[in-house]
Amino acid sequence: MTEHVTTHQAEEDARNEDIMIFLNGRVVPKADAVVSVYDSGFMLGDGVWEGLRLYEGKWAFLEEHMDRLFEAARAIDLDIGLDRDGMVAALEQTREANQMKTDAHARLMVTRGVKTRPFQHPGLSQQGPTVTIIMEHSRPSLPRPIRLATVPHIRGLPMTQDPKLNSHSKLNCILACIAAEKAGADEALMLDVNGFVNTTNACNFFIVRKGEVWTSTGDYCMNGITRPKVVDVCRADGIPVFERNYSLVDTYGADEAFLTGTFGAQTPVGEIDGRVIGSGEMGEMTQHIRGLYKKLVEESI
Ligand SMILES: Cc1ncc(COP(=O)(O)O)c(C=O)c1O
């Protein structure tokens with residue numbers, strides 16, 4: 001078994017040691033970008049975030065990312081303290097400070113902010129939100145297709161912590177990832193409450209069977225932005241694509257499987273629970289969809 005890889009693996013880039021980070025209206029060197037131990041994000045995972053990618057000077061699907069961010073903030077009753085234009089200006093301020101033009105990845109985080117005392121009640125966050133943006137030079141680099149393992153951790157019902165929400169707290173996903181790694185895989189394939197295949201701990205999940213592309217209904221997975229874009233490009237290209245329930249039996253028997261996410265676009269899956277998927281390498285359909293998605297990104301920026 002070779003070393004573990006992750007879907008967010010990027011080429012080493014020494015420039016990332018000297019990046020500037022957005023912290024509450026200021027852009028500061030990485031070493032100075034620190035938040036209080038009283039911050040609700042640090043203390044409780046109380047916040048929401050976005051991962052965005054810069055291509056040729058433009059943020060891909062910026063409107064969709066802003067929609068999701070502000071919707072998530074509304075859902076957790078968090079006042080971001082900036083409107084959409086303000087948030088985009090913060091992204092641009094950070095981009096300019098880092099002189100980034102393309103192949104950069106931004107993690108934009110908003111927490112409920114610094115608390116007056118170290119307890120859970122949201123009313124203890126009285127100083128306004130903490131807004132940070134980490135922007136790194138980033139070129140995805142995967143030595144081989146991803147290996148997945150199914151894990152006991154499921155995607156839950158929306159009345160606990162809605163799995164659609166891009167929440168700071170990712171403990172369920174992290175535990176799933178740890179379990180997968182301990183099983184010798186790279187990442188976790190997570191089922192939904194009914195035992196259907198849903199998503200992975202860090203990406204959305206697709207299979208290809210007999211020329212058809214299948215993904216989950218979307219009921220229990222993170223509201224990924226790449227996922228519906230893949231569905232759209234398939235439809236536009238005449239590829240039969242279905243958002244449906246399917247099981248591990250369908251998945252082990254798939255011709256191809258791939259993951260979707262802002263960072264890696266479409267990442268091939270070579271193995272699931274020790275079963276080689278297709279040839280174990282990136283399949284033709286995955287390759288084709290990568291091309292369609294790349295074109296969509298180019299057209300959208
Ligand atoms: C659990 C999970 N699923 C899917 C995704 C992919 O979402 P997107 O396509 O918006 O990057 C992410 C991204 O963070 C995630 O954490």
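For ligands, and for the atoms within them, numbers begin at 1 and follow the listed sequence.
Residues His153 and Asn201 have side chains that never bring a donor and an acceptor to within less than 3.5 angstrom of each other. For the residue pair Trp59/Glu92, the side-chain donor-acceptor check at 3.5 Å is satisfied. Donor-acceptor pairing under 3.5 Å is recorded for the side chains of Ser138 and Arg53.
For ligand 1, the protein residues placed under 4.0 Å by at least one non-hydrogen atom are Trp49, Arg68, Lys170, Thr200, Asn201, Ala202, Cys203, Asn204, Met222, Gly224, Ile225, Thr226, Thr260, Gly261, Thr262.
In this structure, Glu56 does not pair ionically with Lys101, as no charged nitrogen and carboxylate oxygen lie closer than 4.0 Å.
Residues passing the salt bridge (charged side-chain N to carboxylate O under 4.0 Å, His left out) test with Glu71: none are found, sequence neighbours excluded.
A cation-pi contact, defined as under 6.0 Å to the ring centre and within 45° of the axis, links Lys229 to Phe61.
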